[in-house]
2 protein chains.
Amino acid sequence: MSERNTKQRATISDVARLAGVSISTVSRVLNDTAPVSDDVEKRVRQAVELLSYAPHAAARNLAVRKTNTVGLLLPALSSSFFAPMLRGIESAIRRSEYHLLVHASLRSGDNDPWQRHPIGAHNADGMLLFVNSSDDEEILRNYRRDFPMVLLFFKGPKGTDIPYVSFDNAGGIHQIVEHLVSVHGRRRIVYLRGPVGNQDSEERELAYRLALAQLGLPYDAALVARGDYSEQGGQAAVEQLLATGVPFDAVFAGDDEAATGVIAALRAAGRSIPEDIAVVGFDDLTFAAHLNPPLSTVRAPIERAGSLAARMLLAILHGEEVPSASPLPVELVIRRSCGCQASVPAPAAGPGSCR
Amino acid sequence: MSERNTKQRATISDVARLAGVSISTVSRVLNDTAPVSDDVEKRVRQAVELLSYAPHAAARNLAVRKTNTVGLLLPALSSSFFAPMLRGIESAIRRSEYHLLVHASLRSGDNDPWQRHPIGAHNADGMLLFVNSSDDEEILRNYRRDFPMVLLFFKGPKGTDIPYVSFDNAGGIHQIVEHLVSVHGRRRIVYLRGPVGNQDSEERELAYRLALAQLGLPYDAALVARGDYSEQGGQAAVEQLLATGVPFDAVFAGDDEAATGVIAALRAAGRSIPEDIAVVGFDDLTFAAHLNPPLSTVRAPIERAGSLAARMLLAILHGEEVPSASPLPVELVIRRSCGCQASVPAPAAGPGSCR
DNA sequence: GTGAAAGCGCTAACAA
DNA sequence: TTGTTAGCGCTTTCAC
C-alpha cells in the first residue's frame with residue numbers, strides 16, 4: 001500500500017525553526033527584500049528545500065493586499081474563437097508574476113454571491129472582460145472603485161473610459177464586400193448577424209451597410225439575418241432565408257463558425273458554392289482553410305488581441321496609464337468560397353484581385 | 001471628466017460599524033453559520049448592500065484554510081482538443097463553490113518558484129493535471145501530501161493510484177482499423193503518432209499493432225510515423241513518408257488535427273483521398289465533419305471526460321474516495337475519408353458497414 | 001443571540 | 001544583519 005505522508009504543509013515558522021532564524025529572516029531571503037548573511041541564507045534555503053516549503057498564497061496576498069492574479073470573464077471557454085484569444089492572454093500573463101483566474105459565465109442573475117461576483121477585487125487585482133453587455137452595473141461598480149479592467153471587443157458603458165481592444169471591422173468588411181461585388185458581381189449579399197448585444201456584430205452590420213452604400217447598392221432589410229456566431233445559428237438562418245424565398249447571391253457571415261453552418265445549409269438545399277451563392281466569413285479561424293470550399297474570409301488577429309489586452313492590463317497593474325488600443329488591422333484572405341479559383345490562399349490580396 | 005470614487009473596498013468591519021453590530025455577527029449572517037435575530041440580519045444585509053461589500057477571498061481563505069479554487073494545469077489553452085475539455089471542466093466547476101485557476105505550462109525547468117509551482121497547495125485545494133509526463137517529481141510530492149488531484153488522459157507515476165480519466169482507445173482503434181481493412185481492403189496502414197511521452201498516443205499505437213495482428217496483417221515499423229497531434233506535424237510526417245517511398249494505402253492519424261495535415265500533404269502530392277490513400281483520425285473534433293473529404297474518425301467524448309474529471313476532483317474535495325473512471329467509450333464515425341460514400345455522417349456504424 | 005479575542009501564514013515597519 | 005511585533009480581513013471558539 002502506498003504510504004501517504006499526511007503531514008501538514010510546512011509554514012514559514014517551520015522553516016524558521018529548522019534554520020534557526022526568525023520568520024522575518026526567512027521572508028527576507030525568500031523575497032530578497034533585505035540583505036541577509038550568506039550563512040543564514042544558505043541555512044534557510046536548505047530548510048526550504050528539506051521541507052519543500054512553498055509560501056501560502058492566501059496569507060501572502062492578505063499581507064501585501066494583492067492577489068497576484070488577474071481574472072478573465074467570458075461567456076464560454078470552448079469555441080474556436082476563444083482558443084486563440086486564450087492563448088494570447090495566457091502567454092502574456094505567464095511571463096508576468098500573475099496567475100490567471102478564469103470564469104466562464106453563461107448564465108447570470110444568480111443570487112449566490114460567489115456566482116454574482118465570480119471575479120472581482122476579492123480575488124483578483126484586475127480583470128479582462130468579454131461579456132455581452134448587460135453586465136454594465138457590475139462594470140460600473142468596478143470602474144468607480146478604480147478596479148483595473150480591460151475590455152475585450154466592446155466599449156464599456158457610456159461615461160466610462162475603460163480601455164479595450166478591438167478589430168478594424170469596418171476596414172475588413174469594406175474590403176470583403178467590395179470584393180464580392182467588384183470581382184464577383186454579387187449584388188444581393190445577405191449579412192448574417194452575431195448574437196444580439198454583440199458590439200462586434202453591430203459594427204460589422206454598420207460597416208456592411210456603409211460598404212453597400214459606397215458601392216451604390218441598395219440596402220434591403222430582408223437580407224439581414226440573425227445568427228449567433230454558431231454553426232447551428234448560421235444553418236438555421238439560411239434555411240429560413242431559403243424558405244422565405246428572398247433572392248440572394250452571396251452571404252457574408254458575421255463569423256467563420258456561422259459560415260460553416262451557412263455552407264452546410266446551402267449545400268443541403270442543393271445550391272452550389274460559390275457558383276450559385278458565394279459565402280464569406282470573418283475571423284479566419286483555424287478550420288476556415290479546410291472547409292469545402294475553402295473559406296474566403298477576413299483574418300482577425302485574435303491571439304494578438306488577447307495578448308495585447310493582457311499586456312494592457314498588466315501595464316495598468318504596474319501603475320501605467322493605458323489608453324484603448326487602436327483597432328487591430330484585419331486582412332482579407334481570399335480562398336475559394338467567394339468564387340476565386342486560388343488553390344493556394346493568397347494573403348493580403350487586394351479587393352480587386354483574385355489570386 | 002469621470003469622477004472616480006477612489007474609496008477603499010469595504011471590509012467586514014465597515015459593515016459591522018454601519019449595521020451597529022460586531023464583525024462576528026456580520027460573519028454569521030453572511031455565512032449562515034449561527035442564528036441571528038431578524039432585525040439584526042436585516043440591518044446587516046442593508047449595510048452590505050449599501051457598501052456593496054464582498055468578502056475578501058484571500059482573508060477568508062486564510063481563516064478557513066481553504067482556497068475555494070481548483071487548479072488546471074495543461075500544456076496549452078488553445079487547440080481544438082482542449083476547447084471541449086475546458087468546457088466540460090468549466091461547466092462542472094461552475095456548479096460548485098469552487099473557482100477555476102488555469103495555468104498553461106509550455107516550458108518547464110524554470111527556477112522562479114512561482115513558475116515552478118504555478119498551482120499547488122498554496123493557491124488551490126486540488127488540481128486537474130494534463131501533462132506530458134516528466135513532471136513526475138512534482139506529482140509525487142503532491143501525492144505524498146495527499147493533495148487532491150485528478151489526471152487527464154494519463155496514469156500517474158508508478159506506485160501511485162491517483163485517479164484519472166481516459167478514453168477506450170483500444171476499442172475505438174480496433175474498430176477503425178478493422179473498418180479500413182475489412183471494408184476497404186487496405187493493408188498498409190500507417191500510424192501517425194502523437195507527441196513523445198503522450199500516453200494516449202502510446203496506447204493508440206499498441207492498439208493499432210494489436211488490431212493488425214488480429215486481422216492477420218504484418219506489422220511494419222516503417223509505417224509508424226512520428227507526429228505531434230498538430231497539423232504541421234501531420235503534414236511533415238506524410239511528406240517525409242512520401243519522400244522515402246514506403247508504400248502505404250491508408251493513414252490512421254493519432255488525432256484529427258494531425259489528420260488535417262495528412263490530408264493537406266497528400267493532396268499537395270497529388271494523391272487522391274480516399275481513392276489512393278484513405279485517411280482516418282481520432283477524436284472527432286468539431287472541424288472533422290467539414291474537412292474535404294469529411295473525415296472518418298473515432299469520436300472521443302472529450303467534453304464529457306473533462307466534466308467527469310472535474311466532478312471526480314470535486315468529490316475528492318468533498319471527502320469521498322474516488323477511483324479512476326473506467327475508460328470512456330468512443331464511437332466510430334464514418335464519413336468519407338475512409339472510402340465510404342455516406343453523404344451524411346452515420347454515427348455508430350459498425351466496422352463492417354459503410355453507411 | 002451577540003461580542004471579544006485568538007488565530008490563519010505572511011509581510012513590513014521598527015528596534016536592536 | 002537580525003528579531004519582535006503589529007497588522008492584512010476573516011472565521012471561530014468561548015464567554016456572556
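Within every chain, numbering begins at 1; the chains are lettered A, B, ... in the order of the sequence lines, protein sequences first and strands thereafter. On a predicted model such as this, the values are computed, not experimentally measured, just so you know.
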- [ ] Among Y164(A), F82(A), Y229(A), F167(A), find the residue that satisfies the ring pair (Phe, Tyr, Trp, His ring centres under 6.0 Å) test when tested with F153(A).
- [x] F167(A)
Open item on the list: For Y53(A), run the side chain to side chain contact (heavy atoms under 4.5 Å, CB included) check against D14(A), L18(A), I12(A), V44(A) and tell me which one passes.
Closed with: I12(A)
Task: Rounded distance (Å) that lies between atom P of dG1(C) and atom CG of D39(B) - done: 13 Å
Open item on the list: Just the rounded figure in Å: distance from C1' of dA13(C) to CZ of R65(A).
Closed with: 12 Å
Open item on the list: Has E303(A) got a side-chain atom pairing as donor or acceptor with R87(A)'s backbone, closer than 3.5 angstrom?
Closed with: no
Open item on the list: What's S27(B) touching, base or sugar-phosphate or nothing? Going by heavy atoms closer than 4.0 Å.
Closed with: base
- [ ] Can you tell me the distance, in whole Å, between the CG atom of L62(A) and the P atom of dC10(C)?
- [x] 12 Å
Task: Separation of dC8(D) P from I12(B) CD1 (nearest whole Å) - done: 14 Å
- [ ] Round to a whole Å and report the spacing from CG of L30(B) to P of dT12(D).
- [x] 13 Å
Open item on the list: Under 4.0 Å from OP1 or OP2 of dC8(D): is there any side-chain N or O of N61(A) that close?
Closed with: no
TODO: Give the rounded distance in Å between these two atoms: CG of D32(B) and P of dC10(D).
DONE: 18 Å
Open item on the list: Please give me the minimum heavy-atom distance between A309(B) and L152(B), naming the atom from each residue.
Closed with: CB-CD2, 3.4 Å
Look for any protein N or O under 3.5 Å of an N or O in nucleotides 2-6 of chain D and output each such pair with its distance, or none.
{"residue": "dT2(D)", "atom": "OP1", "partner": "S37(A)", "partner atom": "OG", "Å": "2.7"}
{"residue": "dT2(D)", "atom": "OP2", "partner": "S37(A)", "partner atom": "N", "Å": "2.7"}
{"residue": "dT2(D)", "atom": "OP2", "partner": "S37(A)", "partner atom": "OG", "Å": "3.4"}
{"residue": "dG3(D)", "atom": "OP2", "partner": "S22(A)", "partner atom": "N", "Å": "2.9"}
{"residue": "dG3(D)", "atom": "OP2", "partner": "S22(A)", "partner atom": "OG", "Å": "3.1"}
{"residue": "dG3(D)", "atom": "OP2", "partner": "T25(A)", "partner atom": "OG1", "Å": "2.6"}
{"residue": "dG3(D)", "atom": "N7", "partner": "R28(A)", "partner atom": "NH1", "Å": "3.2"}
{"residue": "dG3(D)", "atom": "N7", "partner": "R28(A)", "partner atom": "NH2", "Å": "3.3"}
{"residue": "dG3(D)", "atom": "O6", "partner": "R28(A)", "partner atom": "NH2", "Å": "2.2"}
{"residue": "dT4(D)", "atom": "O4", "partner": "S24(A)", "partner atom": "OG", "Å": "2.8"}

TODO: Please state how far atom NE2 in H56(B) lies from atom C1' in dC8(D), giving the value in whole angstrom units.
DONE: 8 Å
Open item on the list: With a 4.5 Å cut-off on side-chain heavy atoms, are T69(A) and N123(B) touching?
Closed with: no
Open item on the list: Both V64(A) and A59(B) contact DNA chain C. Taking the nearest nucleotide for each, which residue is further toward the 5' end?
Closed with: A59(B)
Open item on the list: I'd like to check F130(A) versus L72(A) (side-chain heavy atoms, cut-off strictly below 4.5 Å). Are they in contact?
Closed with: no
Open item on the list: When the axes are fitted on five pairs at both termini, how much does the helix from dG1(C)-dC16(D) to dA16(C)-dT1(D) curve, in 10° steps?
Closed with: 40°
TODO: Taking only the side-chain nitrogens and oxygens of R60(B), find out if one of them lies under 4.0 Å from OP1 or OP2 of dG9(D).
DONE: no
Task: Expected output: side-chain T67(A) to main-chain D125(A) donor-acceptor under 3.5 Å - done: yes
TODO: Kindly say whether A54(B) contributes a backbone atom to a donor-acceptor pair with the side chain of R9(B) at under 3.5 angstrom?
DONE: yes
Open item on the list: Can a donor-acceptor pair be found, under 3.5 Å and without considering hydrogens, that links the side chain of R95(A) to the backbone of S91(A)?
Closed with: yes
TODO: May I have the distance from K66(B) (atom NZ) to dT11(D) (atom P), rounded to whole angstrom?
DONE: 13 Å
